Q: 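Just dropping this structure here.
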There are 2 protein chains.
Amino acid sequence: MKLSEGVEAAIHCAAVLARLEDGRALPASALAELHGLSPSYLLKHLQALSGAKIFESLPGPNGGYRLARAPERISLLDIVLAVEGAEPAFRCAEIRQRGPGALEPTAYVKPCGIKVAMLRAEKAWRAVLAETKLSEIVAGYQAEADPRAVAFNCAFVGRHQRPQGRSFPKAPK
Amino acid sequence: MKLSEGVEAAIHCAAVLARLEDGRALPASALAELHGLSPSYLLKHLQALSGAKIFESLPGPNGGYRLARAPERISLLDIVLAVEGAEPAFRCAEIRQRGPGALEPTAYVKPCGIKVAMLRAEKAWRAVLAETKLSEIVAGYQAEADPRAVAFNCAFVGRHQRPQGRSFPKAPK
DNA sequence: CTTATTGCGGATAAATAATATCCATGATAT
DNA sequence: ATATCATGGATATTATTTATCCGCAATAAG
Ligand code: FES
Ligand code: FES
């Protein structure tokens, strides 16, 4: 059982965007460079996040990405589900219905107890992620990370952020 | 994020073995047939489980598998870890140390806050699995599954279980 | 002792998913 | 008009999962 490595990148990117001044955006190329990642691949995840309405994107020159809402209203679960997909990790293939002794499908209306137990565990996982907000991550970063790293990060963002100006498109017609 | 499909098979097999009479074993071929699975592949998982001391195996004719301890003392977490491996699902590649602005390694002794949050969620998942015992799964199965399925299962096991006889090897010399 | 059965472990193949790159397109600030 | 930048699809590359096979060791039964 593994989460794709894109999750780590996505959350780190979100944390960077959360520190942006109001109304500004950061191009994908800057996010990729800051984390030493391939721009082409990071784009995939950024697109997934903007498709999930967690990031907003602005095309054209001075374009880039920014958060679609306040960091207090973005949970780690939002990000993980956007990048990783919403299907549960435990996939029940209904093996109880296979092999000899299989009954007609109507005999299996009650879900398998094993499936129920596995999904209950997964629900606990999601609950913890849902109550961890991006704002807490950012606060923790500023409090605990090496001050030099924070300063560099801040300067890098300041250097690459787009000038305040255009408003983001609200509803595509 | 996905669990391998072998987890479902492993737990179902464990539930079957839990219903075996004391001291008896069931050959892998019977477990595979009962669930309509490929014997060759199921073996892989059975071996992982016996390597993890959750199942015991007895070679030779009249050999087979049985539980290594009482179902009350086997949790779903034990089974999942044996099949899936013990590494956490969230793999931190320390991307904070990459890109420009990377500092010397000693600046990163404190774990990344994102990693901490993700592992905390995973701990919650494991906690629920750890407190769900195989005995509960078996009890739930007998109470909720279609009586015909339970009866068939029971008869199938009775037909294939090995005669009581040999004791399992305790300590390989 | 011989034989048939069964688990063990390694090697390997096939299928699937994750990772990474590229390019044509459309939007838009200058 | 031009340059910048996100979008979306197509595609290559690699890793992981799934599945199969075969020789080996153990052992019960004849
Ligand atoms: S049939 Fe899928 S978990 Fe039991
Ligand atoms: S560096 Fe791995 S989660 Fe932050």
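Below, all heavy atoms of this structure are taken into account, side chains as well, without hydrogens, waters or symmetry copies. Residue numbering restarts at 1 for every chain, and letters A, B, ... go by the order of the sequence lines. In this text, all values refer to a predicted model and were calculated from it rather than measured experimentally.
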Q: Write down the distance between CD (A:Glu56) and P (D:dT7), rounded to a whole number of angstrom.
A: 11 Å
Q: Can you figure out which of C:dG7, D:dA3, D:dT18 approaches the side chain of B:Ala28 most closely?
A: C:dG7
Q: May I have the distance from A:His160 (atom NE2) to D:dT4 (atom C1'), rounded to whole angstrom?
A: 14 Å
Q: When you get a sec, tell me which of D:dA29, D:dT27, D:dT18 is the closest nucleotide to the side chain of B:Asn62?
A: D:dA29
Q: Tell me, which of residues 29-49 of chain B have any heavy atom that sits under 4.0 Å from an atom in DNA chain C?
A: B:Lys44, B:Gln47
Q: Does a salt bridge link B:Glu33 with A:Arg98, judged by any charged N lying under 4.0 Å from a carboxylate O?
A: no
Q: Given atom CG of B:Leu58 and atom P of D:dA26, what is their separation to the nearest angstrom?
A: 13 Å
Q: For the side chain of B:Ser57, starting at C-beta, report the closest nucleotide among C:dG7, D:dA26, D:dT18.
A: C:dG7
Q: Can you hop from A:Tyr141 to B:Ile114 via hydrophobic side chains spaced under 4.5 Å?
A: no
Q: Not counting sequence neighbours, which residues clear ring-ring contact (aromatic ring centres under 6.0 Å, His included) with B:Tyr41? List them please.
A: B:His45
Q: Nearest whole angstrom, please: distance from the C1' of C:dA17 to the CZ of A:Arg91.
A: 10 Å
Q: Let me confirm one number: the CG-CD distance from B:Leu42 to B:Gln47, rounded to the nearest 0.5 Å.
A: 10.0 Å
Q: Any ion pair linking A:Asp78 and A:Arg69 (charged N to carboxylate O, less than 4.0 Å)?
A: yes
Q: What is the distance from OH of B:Tyr65 to P of C:dC8, rounded to the nearest Å?
A: 3 Å
Q: If we ignore hydrogens and angles and just use 3.5 Å, is the side chain of A:Glu84 paired with the main-chain N or O of A:Leu3 as donor and acceptor?
A: no
Q: A:Pro27 has a side chain; which of D:dC5, C:dT30, D:dT7 sits nearest to it?
A: D:dC5
Q: Is B:Ser50 near enough to C:dG7 that one of its side-chain N or O atoms lies under 4.0 angstrom from OP1 or OP2?
A: no
Q: What distance do B:Leu119 atom CG and B:Trp125 atom CH2 have between them, rounded to the nearest 0.5 Å?
A: 12.5 Å
Q: Please determine, for the side chain of B:Arg162, which listed nucleotide (C:dT5, D:dT18, D:dC5) has the closest atom?
A: C:dT5
